[in-house]
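Here's the structure, in structure tokens; my notes come after.
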Amino acid sequence: MYGLILAVHLLACVLLILIVLLQSGKGSAAGIFGASGADNLFASPTAFNAVNKFTAVLALVLMCTSIALTIASNKARSTSVVDSVEIPTTAPAQPGK
């Protein structure tokens with residue numbers, strides 16, 4: 001089960017990186033020359049298209065798999081470093097004797 005969640009997590013990581021790099025930014029190259037102000041005034045707002053929805057779904061999958069991997073990792077290792085320390089059972093030396 002841990003391996004499956006880890007595989008989905010890694011796939012979601014790679015896909016999320018790729019889909020974010022493929023998206024165009026809000027301020028495209030026309031904004032450098034100041035021509036985008038008039039275009040934005042009369043342009044309709046961009047809809048929440050399929051690429052944005054896919055990005056949101058991938059982000060949600062990434063968060064869920066991160067939480068699942070954290071829970072699974074903590075259940076697998078329930079020991080502490082303190083448990084492996086041995087405390088000596090000898091009595092301390094008496095001062096003056």
Side-chain angles (χ1 to χ4, degrees):
M1 188 66 170
Y2 185 81
L4 177 68
I5 296 172
L6 185 62
V8 170
H9 183 76
L10 291 175
L11 182 67
C13 286
V14 170
L15 286 176
L16 189 61
I17 289 169
L18 291 176
I19 200 77
V20 166
L21 289 175
L22 289 176
Q23 290 180 4
S24 63
K26 285 186 178 181
S28 56
I32 296 173
F33 302 109
S36 65
D39 293 341
N40 288 340
L41 182 62
F42 298 108
S44 63
T46 57
F48 201 63
N49 59 11
V51 176
N52 291 344
K53 288 181 184 178
F54 187 61
T55 305
V57 168
L58 279 176
L60 183 66
V61 167
L62 189 71
M63 285 188 286
C64 291
T65 56
S66 295
I67 292 170
L69 286 171
T70 302
I71 292 170
S73 173
N74 285 339
K75 285 185 179 179
R77 291 184 221 115
S78 61
T79 60
S80 174
V81 176
V82 179
D83 294 338
S84 65
V85 175
E86 294 182 17
I87 300 173
T89 58
T90 60
Q94 297 290 332
K97 286 190 178 183

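Every value quoted in this text rests on a predicted model; they were computed, and no experiment measured them.
- Apart from Val20 itself, the hydrophobic cluster it occupies contains Leu11, Leu15, Leu16, Ile19, Val51, Phe54, Leu58, Leu62, where clustering links Ile, Leu, Val, Met, Phe, Trp and Tyr at side-chain heavy-atom distances under 4.5 Å.
- Grouping Ile, Leu, Val, Met, Phe, Trp and Tyr by side-chain contacts under 4.5 Å, direct or through others, puts Met63 with Leu60.
- Between the OG atom of Ser73 and the CD1 atom of Ile5 there is a distance of 11.5 Å, given to the nearest 0.5 Å.
- Under a 4.5 Å side-chain heavy-atom cut-off, the cluster of Ile, Leu, Val, Met, Phe, Trp and Tyr residues that includes Leu18 is completed by Val14.
- For the side-chain contact (heavy atoms from CB on, under 4.5 Å) criterion with Ile67, the lone passing option out of Ile71, Leu69, Thr65, Thr70 is Ile71.
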